[in-house]
Amino acid sequence: MEHRIAAGEGRGLSADTGSAPAQWNRNRRDFMRIIGSGALLATLGPLTACSSGNASSRIDELRQQLLADEGFWADMNAMFPLNPAKRFMNVGTAGSMPKLALDLFDTENRAKAAECLSGYTNLLAERTEVAPGFGVDPDELAFSANTSSGMCHAILGLQWSPGDVVVTTNHEHPGGDVPLAIAAARYGIEISRVALPVGNNQTAALYATLFDSRIRELRTQGKRVRAMMFSAPTYKTGTMLPIAELMEIAKLHQLITIVDGAHLPGMMAYDYAQLGMDFMSGAGHKWQCGPGSTGILIVRNKIRASNPLPLPNWYPIHTSSWTPRERTTNGTATYDIASVITSCGSLHTPMFHALVSSCKLWDQVGRKKIETYDLTLSAYLKERIAENWGVDRLYSPKDDPKLVSALTSFNPFVNAGDVMNSTKSGQFVTRMLSDYSPGFVIRNVNVPVIGAPSDHYAIRISTHLWTSVSDVDRLIEAMWDLSRKMG
Ligand SMILES: Cc1ncc(COP(=O)(O)O)c(C=O)c1O
């Protein structure tokens, strides 16, 4: 008996809990058998046959796309010094440096120690090398310590007045939430949170509506809404909040925009000048595979057609190179704001040089090529989860291309309600590493779900350029096996 969940069955799992997860090739065989057998078709009914066929062919298609360039991605994998006893699928928390970046880091560290070198620099040459990969000029790309540091630069540098309202979401990371809380305590800003949906049944248009209607509602109440802050993607469900659509809402309402883009550098090939947000704070040490304590902060520093709103008043909170200057009102920057942010005392230059070498590798490979591979792997994983556990087990959307990222969150437990058991969810993560060879490095994450009595503790998986399609197949098998063993 197939354990695969029939279309429309939802969160429940079939009784056949002992079988192996559906194999892509077995599904294909099943599909061929189904279309070749009138009797079986009659037994299963048209809906099951049809949906099984579609899911199966989509999985086949994704698999073929991933395998088309298998050798290339195997070579990429070989560029990283990854422990072969494990499969690293928590890039959303920590990446790994490619060997060339690591070697450079090592050499420069030793030279720094040997020669007592200092790091008094604004890293202009390095910003000039990296900025084009992000679609911006060097004065619009600062190096920060990480995403959280970039969010502090952005939020705590803005000139707030008591009663200013920031519209954000209930799925934010402390990296953004904490500076918001400081701004609330110190400057009297107010925070209004939009509750986010979870799962596949959502579209990008919904996010525009959610933010737009909240802003209108607040303004009707006489509130002074000044900014929007949101993660894209969120670290909880991996939902890519649609930046372009949300920028339209921000511009309509003349708002400052702050994007927590922790996962964007190295995963998505975005052009930030075109997107036009005021701030995008990303990590250097996650998907971009730079050293720890590195981040990339994009700051709007001139007026472009993509965002004609005036630049907000902003003061640096962490610098040793500032003098008072007006921000520009036209297309030419009045000063290099990224220099002010980057330059704060003596920097650990080997660290940033290693980040630059990683960024250059990404540019050589092609940021779009990496994005496509990551998202295809993630689509394959999401389809295989839907195939085995049912689509309703996904917290991440899979069908609206504007909402997808390379993060996938889902509920693996036989009893769906167990996802609210944080201990059990934690044990699942631990056992995926300890009970399998290779062990899988994944994580869990608490997700507030609209209408749920308590948070869900979903399992979160990151698929990046060193992961192969067979790694995903093995992961699915291991997760299926463990979920049955844990009952
Ligand atoms: C959405 C989001 N924001 C911020 C952070 C904090 O990142 P960092 O360690 O780069 O400060 C994370 C980390 O996982 C995150 O997922």
Side-chain angles (χ1 to χ4, degrees), residues 88-97 134 141-156 166 168-182 191 193-194 196 198 207 228-243 246 257-268 270 277 279-298 317-318 341-342 348 351-352 354-355 358-359 374 378 395-396 403-409 429 441-448 455 457-464:
F88 294 93
M89 297 184 173
N90 187 17
V91 188
T93 300
S96 163
M97 269 189 271
F134 295 86
L141 185 145
F143 291 124
S144 60
N146 49 39
T147 318
S148 308
S149 112
M151 293 301 282
C152 288
H153 280 295
I155 294 169
L156 299 176
V166 179
T168 185
T169 84
N170 66 335
H171 283 188
E172 297 307 316
H173 188 277
D177 259 349
V178 169
L180 272 188
I182 296 169
I191 300 163
R193 293 187 192 276
V194 171
L196 295 188
V198 302
Y207 288 84
M228 277 166 58
M229 188 278 262
F230 56 88
S231 293
T234 75
Y235 80 107
K236 293 181 184 295
T237 62
T239 305
M240 184 64 74
L241 267 63
I243 300 176
L246 291 177
T257 35
I258 308 152
V259 177
D260 178 341
H263 306 275
L264 295 180
M267 180 208 281
M268 303 301 287
Y270 284 167
M277 69 279 279
F279 302 93
M280 188 293 291
S281 180
H285 62 97
K286 297 180 192 285
W287 305 80
Q288 187 55 72
C289 295
S293 299
T294 60
I296 287 171
L297 175 63
I298 308 285
I317 45 116
H318 185 265
I341 293 169
T342 302
H348 193 68
M351 191 171 81
F352 290 109
L355 172 65
S358 217
C359 287
D374 281 8
S378 158
Y395 293 85
S396 318
L403 296 182
V404 297
S405 82
L407 290 166
T408 300
S409 297
V429 171
V441 179
I442 56 173
R443 67 165 282 183
N444 67 348
V445 62
N446 71 308
V447 184
D455 282 359
Y457 292 85
I459 299 303
R460 193 190 80 180
I461 300 140
S462 307
T463 43
H464 204 14

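Atoms within a ligand are numbered from 1 in the order they appear, just like the ligands themselves. Only this structure's heavy atoms are used, side chains among them; waters, hydrogens and symmetry mates stay out. Computed from a prediction, not measured in an experiment: that's the story for all the values here.
- Between the Ser409 side chain and the Lys236 main chain, a donor and an acceptor come within less than 3.5 Å of each other.
- Contact analysis puts His263 in contact with ligand 1, with a non-hydrogen atom separation below 4.0 angstrom.
- In this structure, His171 contributes its side chain and Pro448 its backbone to a donor-acceptor pair below 3.5 Å.
- By the 3.5 Å distance cut-off applied to N or O atoms, Ser149 is not counted among the residues near ligand 1.
- Near Ala283, meaning under 4.0 Å from any of its heavy atoms, are these atoms of ligand 1: 10 (O).
- Taking only nitrogen or oxygen atoms, main chain and side chain alike, Thr234 does not reach within less than 3.5 Å of ligand 1.
- Under a 4.0 angstrom heavy-atom cut-off, Lys286 registers as being in contact with ligand 1.
- Taking a cut-off of under 4.0 Å to the non-hydrogen atoms of Gly92, the atoms of ligand 1 that pass are 14 (O).
- Checking side-chain atoms of Lys286 against main-chain N and O of Gly92 turns up a donor-acceptor pair under 3.5 Å.
- Every N/O-N/O distance between Thr93 and ligand 1 stays at or above 3.5 Å.
- Exactly one residue among His285, His348, Met351 makes a side-chain contact (heavy atoms from CB on, under 4.5 Å) with Pro291. That residue is Met351.
- Scanning the protein heavy atoms around atom 3 (N) of ligand 1, the nearest turns out to be Asp260 OD2, 2.6 Å.
- When only non-hydrogen protein atoms are considered, atom 15 (C) of ligand 1 lies nearest to His173 CD2, 3.4 Å.
- Listed for the Ser281 side chain is a donor-acceptor partner under 3.5 Å among the backbone atoms of Thr147.
- Counting only distance, with no hydrogens or angles, the side chain of Ser462 and the backbone of Val91 share a donor-acceptor pair below 3.5 Å.
- Residue-environment remark: NE2 (His173) exceeds the threshold of 12 foreign heavy atoms within 6.0 Å.
- Using a 4.0 Å cut-off to heavy atoms of His285, the atoms of ligand 1 that qualify are 8 (P), 9 (O), 10 (O).
- When non-hydrogen atoms are compared, ligand 1 lies under 4.0 Å from the backbone of Ser148 as well as from its side chain.
- No side-chain donor from either of Ser231 and Thr234 sits under 3.5 Å from a side-chain acceptor of the other.
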